Amino acid sequence: MTHAPILIIAIPLLVAFLTPLVGMASQKGRNVLVVVSLVFVAFLVFALAREVASNGIQVYTLGATSPDLSVPTGFMVPVRIILEVDGISVFFSIIWSIVSLAAAIYSISHIASETGQTRFFTLLLLMVTGGFGLMFTGDLFNLFVFLEIASISGAALIAYRTKFADTQEGGFKYIVVSAIASLMVLFAIGLLYSQYNSLNIAYLAQAIQYTTLDKIALALFLIAFTMKTGMVPLHLWFPDAYSVAPASITGMLVITSHACMYAAFRICFTLYGGVINAPVVGWILIIFGLLTMFVGVTMAVYQKDVMRFMSYHAISQLGYMWIGVGVGLAVLGNPGLIATYGRDAMSGGVFHILNHAMYKPLLFFTGGALFHYTGTRDLTQMGGLAHKMKWTTILYIIGTLSISGIPPLNGFSSKILIYESVYQFHPILTITGIIVSILTLASFTKAFHSAFMGAELPEYKGGKEVPRSMLIGMLILAAGIVFVTLFPSLVVDWAIHPAADSLIDQGAYINAIMGATP
Amino acid sequence: MMEHVPLDFPFIAAALLMGVSLYIIIFKKNLIKLIMGVAMLAAGVNLFLVALGYRAGGGAPIYTGVIKETMVMPVPQALTLTSIVINVAVLALMLTLVIRIYRHTGSLDSEKSRKLKG
Amino acid sequence: MTFLLESGYAFWNPLIWIIVFIVLAVIVYFFRRRGQKGYKKDTDQTRIFLCGEEVPEAGERHIRVGNIYWGFFETLKEYYEQILKPHTGIINDYILWFVAITAVSVIVLLAAGLG
Amino acid sequence: MLSKIVRTVANGFIPFIMIFGLYIIAHGHLTPGGGFQGGAVVVSGVVMLLVAFSSQELKKSIRERVLSIMESSGALIFIILAFIGIGTVFFYNLLVGTPIFGNVPAFGPNLGDIWTGGVIPLMNFAVGLKVIAGLSAVVLALALFSGGEEVEE
Amino acid sequence: MKRQVAGLILLLVLVAFLVLGMYLVHPFGYPDASEMDDYMIENSQEETGSNNVVAAVLFDYRGLDTLGEATILFTAVTGVLLLLRLSKRKENNS
């Protein structure tokens, strides 16, 4: 069990290296191998989550004589790569394991008519590896490497349907943006290394001085990661890349953007947590979050392409998370305010990440089902599809009610946390949030009417419901939505509050590695 | 540290290289030139990284044969090696996508390949 | 009580909502089955009636997405003209935005450090 | 397909390039270089062949399938070498002190013993195999595609 | 046009900050701190048995980075071969 962190990273990698060899032998065996390995990884993730919940932060030192020997004996500085898993990492990895499993199952029949399926699944597993490594590593340069793995595999998968021109364009935009953001992150890592001669996050958090170079590095980290996340002035690549990818990959890309959000949290709260000028950075995040919510939803109402429309909604939902966590960051230096509403705001933001990671991939999958049925993403050519796609319609309704915060579904339970806690920080945030929620419901109603309602169109009479594996992939996420809907306080107590506390409590993260040294 | 300022030349060169490459990426509409800009940006970052580890009068950190007394720091060299290979991979994928775009649209102008907008 | 969510200042319980929805559904069903039962399928009783005009085809009957919320976009025309301006799908502009926001945030952070 | 002189010179040079690349791979733990660099050198020889002879000529002798099998096996060897240390810790250098590459040099400058480094030389070989196969596959695929053909899946 | 000028100005501002930062970095050739690297130079021979400290760093101290690096190369090769594949399946093997 002590090897769980590295096994979760290494097993998808091993299976990804095996997949081309197995795929030459048989296609079905390859699919079985991929799904079974992802199920096994999901079990490992849940076991690791229980371990973290009971025994606190897990540290794994690679290549040392013992996994918990983070600092060499008789030495003050960690020299090896260290994986450090705390509440927020485990929270994100649970989301990532569930969504990647659903996406893999969904892909099997979603790409059944295409060529190059073996390489598709290889890249999907590599993307899973990159996400897990991004969430578990405690080393800055290693974080950059895994970020690149996720970006490159994501770009290749976005451009998977090579016979359309727009897919190539979307993949090119994605990889250019990712490459430049990653290079800026690498430059900032070099700035930190030049001063403190270390790459370990815990050691840097202990030694950091917040000099001018650290401020430049913080700006580069923050803007690069928020661009990868899709924050509004930098969101322009986001719909281009997400709307053209295969639907299963779009569902996974949502979680990779959440993983970049995790990296931004890690930088702000853990690396710079002790010295950061919290109100300024918190207000930067809050203002960007307001812009993100409003511009995203207004652009979404305008869209006519179903996947672009959902991508803009993904952008606008990110705003809730930035606002919740930004309020928590803005009051970070003030324990009284943290206890009053900061912790609730951060819990709301983190809880909204969980809910968004459940219903947004579900909605993308239903959009992919529409594409699978009609062969187009254009809403103006759709209509009356509810006559033939009953399951897809039901799942779309579940996702719609959940994303627009209709009680009793889970979207509401996180939004109420955000509203009530953020209102005490500044009322305008809550008001904007409610307006955005209303516009979200309106735009999804519009899409629902134009795609599913109405008389059955003659050109779509012949088709039938999407294949079973796509339905299974969607039902996994719908089951997650129902679970979070029914047991909100269970989820909040066991997953959300530990995650938020591990963000607030910087000392624990440092002591887990530097504990032996004064 | 004024007496050391002239010695800072590699860092300044890295910063200027990054600036020039950012200018290319922003203002050149040709996709191949854009890829060249990304490669130059990577070169600037790599130059900065590898210049960090230099010690005055240091030799390569290898114990085979005759060596100097002072060795340069090994970690920045390892990081630079890794990032060079990563950038090779990124450039290969970018060029592939550009070839595909050229097959589809018949042009390398970034203003012509804007089917996705709004 | 695992159903109860304490949000710090209020609580809410999905069970209450579910029960309310079930009750509403029962009431709706009650009213619905008090309606006419004499209709026969596939006769003129169930066909669409437009004052004697002939009913258009399914394709024309369906309101397409372009025609929904027309007034909304008409009211916010200026806003949409402004907001669509940055969305030129040119990759160079994306990087331009990135560089601009980075420069601004560097200035903000350094200025905050001074003050 | 270039002129006869170029092809003859390429034929003459290719063994030296290959041997130099393999030398760099094999001595990665003693001298500057390693798997990536040596693999790049070997692939430069492949690129020279590609320039001298046409890509169709090369396609007859090098098959995509073989290249991807080589690459996967190289990556698998690498990660398995990392896995064998998992009795202690992942990436633990298990072979130090064993007969295979297990000698430990005394501290300070020495002439270099090929049997040192533990798993490092083996990892260098794995990475070299992988880089040779992968980069030649990329170069060949790009050349063939710009020549008008497409790669089989 | 106005957008281009504003972008150019902001780019110059960013480059100016970068050059300023470069002056604040430690003078070239005289690093501020080097505990980690000194530890590696001292102990790489007895811990990994490798004369080449850079190789020791690549494959032992920071092995996961090199594994990720090889993975990235694998990813790029797979992606290139995926994107250059036949876009439609041939009849004989379908």
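Only a predicted model underlies this, so the values are computations on that prediction, with no experimental measurement involved. Numbers restart at 1 for each chain; the letters A, B, ... are given by sequence-line order, proteins then strands. FYI, side chains are in, hydrogens and waters are out, and symmetry mates aren't considered; it's all heavy atoms of this structure.
- By the 30° and 60° cut-offs, the orientation of the rings of A:F75 relative to E:Y39 is tilted.
- Contacts between A:T122 and chain E at a heavy-atom distance below 4.5 Å involve the side chain alone, from C-beta outward.
- Rounding to the nearest 0.5 Å places CG of E:L73 at 11.5 Å from CD1 of A:I149.
- For chain A, the nearby part of E:E47 is the side chain; its heavy atoms alone come within less than 4.5 Å.
- In this structure, the portion of A:P78 lying under 4.5 Å from any heavy atom of chain E is its backbone and not its side chain.
- Here the closest heavy-atom approach between residue E:F17 and residue A:I216 is recorded as O-CD1, 3.9 Å.
- In this structure, chain A has heavy atoms under 4.5 Å from both the backbone and the side chain of E:D37.
- Residue A:F121 holds its CZ atom at 14.5 Å from OG1 of E:T78, rounded to the nearest 0.5 Å.
- Note that the CD atom of A:E148 and the OG1 atom of E:T75 stand 10.5 Å from one another [nearest 0.5 Å].
- Of all non-hydrogen atoms in E:A33 and A:Q195, the two that sit nearest each other are CB-O, 4.2 Å.
- Rounded to the nearest 0.5 Å, atoms OG1 (A:T115) and CG (E:L82) are 8.0 Å apart.
- Side-chain contact between A:N200 and E:M36 is absent, with no heavy atoms from C-beta onward closer than 4.5 Å.
- The two residues E:R62 and A:I81 make their nearest non-hydrogen contact at CA-CD1, 3.7 Å.
- When the candidates A:F146, A:Y160, A:F120 are compared by the number of heavy-atom contacts under 4.5 Å with chain E, A:Y160 comes out ahead.
- Across all their heavy atoms, E:G79 and A:A156 have their closest contact at CA-CB, 3.8 Å.
- Atoms CG and OG1, on E:L24 and A:T212 in that order, are 5.5 Å from each other to the nearest 0.5 Å.
- Taking the side chain as every heavy atom from C-beta outward, E:D65 and A:F144 never approach each other to under 4.5 Å.
- Using a 4.5 Å cut-off on side-chain heavy atoms (C-beta onward), E:L64 and A:T137 make no contact.
- Most heavy-atom pairs under 4.5 Å with chain E: of the set A:V79, A:T65, A:L83, A:L62, this distinction falls to A:V79.
- Taking both residues in full, the closest heavy atoms of A:L191 and E:M22 are given as CD2-CE, 4.1 Å, listed atom of the first, atom of the second, then distance.
- E:D60 places a side-chain heavy atom less than 4.5 Å from the side chain of A:R80.
- Residues E:D32 and A:N197 form no side-chain contact, since every pair of their non-hydrogen atoms from C-beta on lies 4.5 Å or further apart.
- Contact of A:L123 with chain E is made through the side chain alone, with heavy-atom distances under 4.5 Å.
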Point to revise | Stepwise side-chain contact (heavy atoms from CB on, under 4.5 Å) test for A:L13 and E:F74 | key: CA-CA 11 Å; A:L13 200 52; E:F74 183 82; over 6 Å; no
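- Interface residue A:Y193: only side-chain heavy atoms are found under 4.5 Å from chain E.
- Contacts with chain E were tallied for A:G130, A:G133, A:P72; A:P72 has the most, counting heavy-atom pairs under 4.5 Å.
- Remark: E:L84 CG to A:T162 OG1 distance equals 9.0 Å, nearest 0.5 Å.
- Heavy atoms of E:L14 lying under 4.5 Å from chain A are absent altogether.
- No other option in A:L213, A:I152, A:L220 has as many heavy-atom pairs under 4.5 Å with chain E as A:L213.
- Interface residue A:A16: only backbone heavy atoms are found under 4.5 Å from chain E.
- Residues E:E35 and A:Y203 approach most closely at OE1-OH, 4.3 Å, considering heavy atoms.
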